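First comes the structure, then the notes that go with it.
Note on naming: letters A, B, ... go to the chains in the order of the sequence lines (proteins, then strands), and numbering restarts at 1 for each one. Keep in mind that this is a model prediction, so the values were computed, not measured.
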Number of protein chains: 2
Amino acid sequence: MRIGEAASASGVSAKMIRHYEAVGLLPAASRRASGYRDYGEAEVHALRFIRRARELGFSLHEIAALLALWGDRARASAEVKRLALAHVEALERKARDLSAMAATLRHLASTCHGDARPECPILEDLAGEALSKPNALGNVI
Amino acid sequence: MRIGEAASASGVSAKMIRHYEAVGLLPAASRRASGYRDYGEAEVHALRFIRRARELGFSLHEIAALLALWGDRARASAEVKRLALAHVEALERKARDLSAMAATLRHLASTCHGDARPECPILEDLAGEALSKPNALGNVI
DNA sequence: GATGGGGGTTCCCATGATGGGAAGGTCAAG
DNA sequence: CTTGACCTTCCCATCATGGGAACCCCCATC
């Protein structure tokens, strides 16, 4: 199987397959006489593994560790679980941060008339001027 | 005020102040005879504006638009509100995506014993083998 | 056999925000 | 006059991904 076929079979672009090889996430593919990379089912399987892990937000660095564990028959599932839960924590932290930003900004936007007038509490907050106005009730609730 | 003082006064690193100037987010700072950049209160004010906007997750591109509106006395607050709410939508979408990843992975991890045995539903899911086992109830929830 | 098209190959560059670090200039205090 | 803290510019790295150029390979069709 050439790289394009492996790409459509795995859902990973040919560009990324070469990249994963270049950064050492995958071993160098075997080559045909023409110089073309040649792939089999095992490689496609690994590529699907990588794609699924990426969908779950794992970094390539983390995926390298997961791939090593995947290929290690003597692995302890505790190690995999540890990696997964550490990643879950990171994801939840980022999600909370984004939600907090969204909530702050949504509140700020709710105090803005949003009409043709120039007065805008959003800009006032960004400029740090909110407290200088007597009618301001507070920066961020 | 030299760049280091402007940095500590604004909370933006000197490195980033130069960067913001280089990418056109800020006008070129005036220079002393020595070549050092020179800053006043107005510049520090703009830097604080940028920092606050970054804390709220705005991209530098979006901040450029906000800065332009900030400096435009004839602006309509509707435009600012529109930008802010579009950004809120994007933040909420990202937060939802991350939460979904975290939930999927947390569920997956909950089905993993996490002991010394090699059996690991997390790796099985990543490898796309979940459905091949008769005791698997489903891929994701 | 020549040609065309749809593969493949490598290499460079770009994204976005941030930082590290090197090589060298400036300034104030000792 | 030296020392040390500060500044300057420039290059490189991060992380995952893609665009594109220049060139090679293979197969089918005329």
Spell out, as yes or no, whether a donor-acceptor pair under 3.5 Å connects the side chain of Arg75(A) to the backbone of Ala68(A).
-> no
Is any side-chain N of the basic residue among Arg93(A) and Glu89(A) closer than 4.0 Å to the acidic one's carboxylate O?
-> no
For Leu91(B) and Leu56(B), which heavy atoms make the closest approach, and how far apart are they?
-> CD1-O, 3.7 Å
List, with names and distances, any nitrogen or oxygen atoms from the protein found under 3.5 Å away from nitrogen or oxygen atoms belonging to nucleotides 12-16 of chain D.
residue	atom	partner	partner atom	Å
dA16(D)	OP1	Leu60(A)	N	2.6
dA16(D)	O3'	Arg54(A)	NH2	2.8

Any Ser13(A) side-chain nitrogen or oxygen under 4.0 Å from OP1 or OP2 of dG18(D) | yes
Let me know the distance between CD1 of Ile17(B) and P of dT8(D), rounded to the nearest Å.
-> 10 Å
Heavy-atom check, side chain of Leu85(B) versus side chain of Lys81(B), under 4.5 Å | yes
Arg2(B) has an atom CZ; how far is it from atom P of dA5(D), in whole Å?
-> 13 Å
Between atom CD of Glu124(B) and atom CG of Leu108(B), what is the distance when rounded to the nearest 0.5 Å?
-> 9.5 Å
Parallel, tilted or perpendicular for Trp70(A) and His45(A), by the 30°/60° rule?
-> perpendicular
For Lys15(B) and for Ile3(B), find the nucleotide of DNA chain D with the closest heavy atom, then tell me which residue's nucleotide is more 5'.
-> Ile3(B)
In the hydrophobic clustering that connects Ile, Leu, Val, Met, Phe, Trp and Tyr at side-chain heavy-atom distances below 4.5 Å, which members other than Tyr36(B) occupy its cluster, ordered by chain and number?
-> none
Transitively linked via ILVMFWY side-chain contacts under 4.5 Å: Leu67(B) with Leu69(B)?
-> yes
Just how far, in rounded Å, is P of dC10(D) from CD of Glu21(B)?
-> 12 Å
Glu62(B) has an atom CD; how far is it from atom C1' of dT15(C), in whole Å?
-> 15 Å
Where along residues 31-39 of chain B does a heavy atom come under 4.0 Å from DNA chain C, residue by residue in number order?
-> Ser34(B), Tyr36(B)
Met1(B) CE to dC6(D) P, straight-line distance once rounded to whole Å | 16 Å
If you measure from the Lys or Arg side-chain nitrogens to the Asp or Glu carboxylate oxygens, is any gap between Glu21(B) and Arg18(B) under 4.0 Å?
-> no
Whole Å only: how far is the CD atom of Glu5(B) from the P atom of dT26(C)?
-> 19 Å
